[in-house]
Every structure is written in structure tokens, then in C-alpha cells.
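Structure, as C-alpha cells:
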Amino acid sequence: CHMPDAKGAVGAGYYPALAGNTKLASPTYPALVVLKGRHGMPPFGDYLSDAQVAEVVNYVRNHFDNHFADALTAADVAKLRATMQPPGGSQ
């Protein structure tokens, strides 16, 4: 969707560039997008473990000319998931 060079695409939908995307500066934003989805991107929170989400986010944040030193951990993702739970803890 984001194209092999990660520069994004527009056509049947809008797929933002991952290359040089300033929204990746904080690991929280891409983690929430992977977990919950956004616009045309489906949510993967029900399919990926905390460690897998962290790996995807860290990969995107350190490839395609992105170089962010702070890494997201599985524990960070677990905390994000906890904030996504509605009151009462069930979805």
C-alpha cells in the first residue's frame, strides 16, 4: 500500500509516505495506527502480539531514510493497549 520505496501512493485510496514522515518521530503514533487502524489502514491489534507491533513500528521508524533512536518495546505496546480498553476492561 505504501509502495516499495515507502513514498506512499494515491489512487483507489490515500496511503501516506512512511519515508521521511515526521509523524513517526514519536513511536506512540505509529503504534496506535497499527493497533487501531486509521483511514484506509485496517487495525491489526487483534492479530499481532505486543512484541510484533513493536517490531513493525521499530522497522518503519528505522528504514526508508527514517532514523529514530528510541525504540518501542512490547511493554510500551501493552501500556497503549491498556489505555484503549473501555471502562470495565472488555471490548
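Just so it is clear, the values below take in all heavy atoms, side chains as well, and ignore hydrogens, waters and symmetry mates.
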Of all heavy-atom pairs between [X] and [Y], which one has the smallest distance, and what is that distance?
| X | Y | answer |
| --- | --- | --- |
| A54 | A74 | CB-N, 4.0 Å |
| N21 | K23 | OD1-N, 2.8 Å |
| V34 | M41 | CA-CE, 3.9 Å |
| V53 | A31 | CG1-O, 4.4 Å |
| V60 | N66 | O-ND2, 3.0 Å |
| D5 | F64 | O-CD2, 4.2 Å |

Under 3.5 Å donor-acceptor, D76 side chain and T73 backbone
yes
So, R81 side chain and G45 main chain: donor-acceptor pair closer than 3.5 Å or not?
yes
Test item: L32 and M84 side chains (from C-beta on) under 4.5 Å apart, heavy atoms:
yes
Answer whether the closest heavy-atom distance between the side chains of M3 and L18 falls below 4.5 Å.
no
Distance check, rounded to the nearest 0.5 Å: H63 atom NE2 versus L24 atom CG?
13.0 Å
Is it true that Y29 and L80 fall in one hydrophobic cluster, defined by side-chain heavy atoms closer than 4.5 Å?
yes
Same cluster or not: are Y15 and V33 linked, directly or through other Ile, Leu, Val, Met, Phe, Trp or Tyr residues, by side-chain heavy atoms under 4.5 angstrom apart?
no
Tell me whether the rings of Y47 and F44 are parallel (<30°), tilted (30 to 60°) or perpendicular (>60°).
perpendicular
Taking salt bridge (Lys or Arg N to Asp or Glu O under 4.0 Å) as the cut-off, I'd like each qualifying pair that reaches into residues 56-69, sequence neighbours left out, listed once.
R61-D70
